[in-house]
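Got a structure for you, questions after.
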Amino acid sequence: RAFALAAIVTDPNFERRERTLSRTVVVGPNAWDWLVRSSSPQSPLVLVPDFADADVKSAQARAFVVARAHSTEGPNTRLTMEDYVPFDRLRARLVDLGMRESDAHTCVTRAAGRISDLRRQLGEGALPAWAQRSPAALWIPLLLIERWRPRNEADRRVVEQLGASPIELDRLCEEFSVQEDRPVRRAEEWDLGVTWEWCAADTTWMLLAGRVPGSDLERFQVVAVAVFETVDPKFEVPVAERFAAGASDRQSRPSEVLREGVARTLARLGNGVSNHPEHTVSKAGARIAVAVVREVLVPSWKRWAALSAELPWLAEAAPGAFFEALHRSLAREDGCARLLAEEDRWSSPHTGLLWALERLAWHPRWMPQSADALATLAARDPGGRVSNRPLASLGAIVRAVAPQTTAPLEDRLAAVDRVLSRHFSVGWKLLLSILSSAQGGVVWESNRPQYLPIGGLPDRPGSLLEAPARATFRAAVERAIL
């Protein structure tokens, strides 16, 4: 314990030392499990166990920094720190080595701060020992769905449709979760049971995607369509009864964790996230993603509501197909604009659609269509309790300070002009929001894409004094007085 604390307090970097000290805890057995469960991988605690039988492996699996204070191997055993480096330090090191800041942020986030996972993500190292020892027919389905709940009947059916036995996959996950270099972790909720998921899903995908046969990818396409076409019963009843309807039958459709995992896999396929550019997973990935998005996004608002949580990933997977489906739906009375009127006391199904459009707006190519769609939704918005509204998302894209897009200033102003010409009342409110931002205040960031490559962040002023911000204000004033 003294060695660990001495190493921290003698760090010559003052800011890093103070930040580390503020998150360092010497912990006894009563508080150990609670701290391990409550800590965040993005801002981990430095846990120094003050007892001999601390479950270090469980803490390591959750990507926390852990100092070993005792060992059963004898008094001369050297104290070690687990394979983890704080996010900001690892990101700064990659930038120092010549990597773009945005790429460094993506790499470190996907690796969850682990040096070993980062090396694998960058193409170093051989196939992990656990993958060599285990049958690919079992871990390939887990690679494709990313996470699942063995107690969920629909999840078990999905595993079977992908060619694996749910019982054997459950046993394999249990085995993986207790290995030294554990690839899988266990999460448990009292009412839902165990959830199995990869510790570093993106790194594992980049390392192993080249091992997935083309036949498994074709099977995954069929399964993904079936997963997303499942009806959500809560949207078949009035708003006041939805909470009970959603909680009453959780076994009839795949779990939310599996649906998100399948959607994330489609986003990886659609954007060629792989270390194997010549493999089928890279060559056919975009085709599979487009086919799934086109088939599942039918015009009815109920389908869009049922897929609200997955829409951001489906949008990243195939932006072109997503906008085609969106335009067809917006043209109908029972289309996705109806989501704005389906708000209940706790949430609204329209938020997923807004997050999807916010993600695509970061890309210069898709920003104009995102802005147009948000303007159309804003013109039909009846308002509600939920603060996330289409006009707010649109305003964030074109605001003067830190616009939430990489599109240049002229494209942002062109988007404002289109809104003014098609939906004048929305455009006028948009101009007022740009002008009112001159008063300063908190700048919230929109939902960012995880896999859609957006490059750097040019022409995004962070201050009212910068030239692009002044140009935006001047353009807004000119349009307001005409």
Side-chain angles (χ1 to χ4, degrees), residues 87-88 91-92 94-95 98-110 202 264 267-268 270-273 286 289 311-323 326 352-375 377-378 388 390-419 430-431 433-434 437 442-476:
F87 275 49
D88 56 347
R91 182 173 58 243
L94 292 176
V95 172
M99 185 177 289
R100 289 190 311 182
E101 186 170 354
S102 58
D103 293 338
H105 175 81
T106 300
C107 285
V108 174
T109 301
R110 289 176 179 173
D202 289 323
R264 287 170 61 99
R268 296 187 190 102
N271 290 282
V273 178
L311 286 179
W313 304 108
L314 297 179
E316 278 197 69
F322 177 85
F323 278 119
L326 179 62
L353 175 56
L354 297 190
W355 290 337
L357 293 171
E358 287 175 4
R359 286 196 185 189
L360 295 182
W362 281 97
H363 197 290
R365 176 181 177 184
W366 305 114
M367 186 278 292
Q369 293 190 61
S370 296
D372 294 346
L374 287 168
L377 291 170
N388 192 5
L391 183 60
S393 298
L394 178 58
I397 296 172
V398 299
R399 66 188 176 205
V401 177
Q404 302 299 284
T405 179
T406 58
L409 175 60
E410 55 269 23
D411 290 351
R412 302 198 297 268
L413 294 179
V416 173
D417 290 336
R418 283 196 308 276
V419 175
L430 187 61
L431 291 177
S433 71
I434 295 174
S437 64
V442 177
V443 176
W444 300 103
E445 188 167 277
S446 296
N447 206 286
R448 276 202 185 203
Q450 301 297 309
Y451 304 110
L452 184 68
I454 60 175
L457 301 176
D459 193 21
R460 294 186 68 247
S463 168
L464 296 172
L465 301 178
E466 296 184 32
R470 296 198 305 271
T472 303
F473 281 121
R474 184 164 54 251

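Note that the structure is predicted; figures quoted are calculated from it, not measured.
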Exercise. Would you indicate whether the side-chain heavy atoms of Leu394 and Leu377 approach each other to under 4.5 Å?
Key: no

Quiz item: Taking C-beta and beyond as the side chain, do Asp411 and Pro368 meet within less than 4.5 Å on heavy atoms?
Solution: no

Quiz item: How would you list all residue pairs meeting salt bridge (charged side-chain N to carboxylate O under 4.0 Å, His left out) that involve residues 358-373, not counting sequence neighbours?
Solution: Glu316-Arg359, Asp372-Arg418, Asp372-Arg422

Quiz item: Would you say Thr406 and Met367 make side-chain contact, with heavy atoms under 4.5 Å?
Solution: no

Quiz prompt | Minimum heavy-atom distance between Ile397 and Pro403, given as atom pair plus value | solution =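 Scanning both residues completely, I find the closest heavy atoms to be O-CB, 3.2 Å.
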
Practice problem: Indicate yes or no: at least one non-hydrogen side-chain atom of Arg264 is less than 4.5 angstrom from one of Tyr451. | Solution: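 Sidechains of Tyr451 and Arg264: in contact.
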
Practice problem: Report the distance from atom CG of Leu357 to atom CG of Leu311, rounding to the nearest 0.5 Å. | Solution: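 It comes to 9.0 Å.
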
Quiz item: Donor-acceptor pair, Arg399 side chain versus Ser433 backbone, under 3.5 Å?
Solution: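 Looks like no, no N/O pair under 3.5 Å.
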
Practice problem: Specify the closest pair of heavy atoms between Ala317 and Ala289, including all atoms of both residues, with the distance to one decimal. | Solution: O-CB, 3.7 Å

Practice problem: Please report the C-alpha distance between Val419 and Val398 in whole Å, then the side-chain angles of each, then the deciding distance to 0.1 Å, and finally whether the side-chain contact (heavy atoms from CB on, under 4.5 Å) criterion is met. | Solution: CA-CA 11 Å; Val419 175; Val398 299; over 6 Å; no

Practice problem: Please tell me if the side chains of Leu452 and Trp362 come closer than 4.5 Å, counting only heavy atoms from C-beta onward. | Solution: no

Practice problem: Could you please spell out the steps behind the side-chain contact (heavy atoms from CB on, under 4.5 Å) verdict for Ser393 and Trp355? | Solution: CA-CA 8 Å; Ser393 298; Trp355 290 337; over 6 Å; no

Quiz item: With distance as the sole test, does Thr405 use its side chain to make a donor-acceptor pair with the main-chain N or O of Ala361 at under 3.5 Å?
Solution: yes

Self-check item: With sequence neighbours excluded, residues passing side chain to side chain contact (heavy atoms under 4.5 Å, CB included) with Leu413
Solution: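 Testing Leu413 for side chain to side chain contact (heavy atoms under 4.5 Å, CB included), a comparison that skips the adjacent residues, returns Leu409, Ala475, Arg479.
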
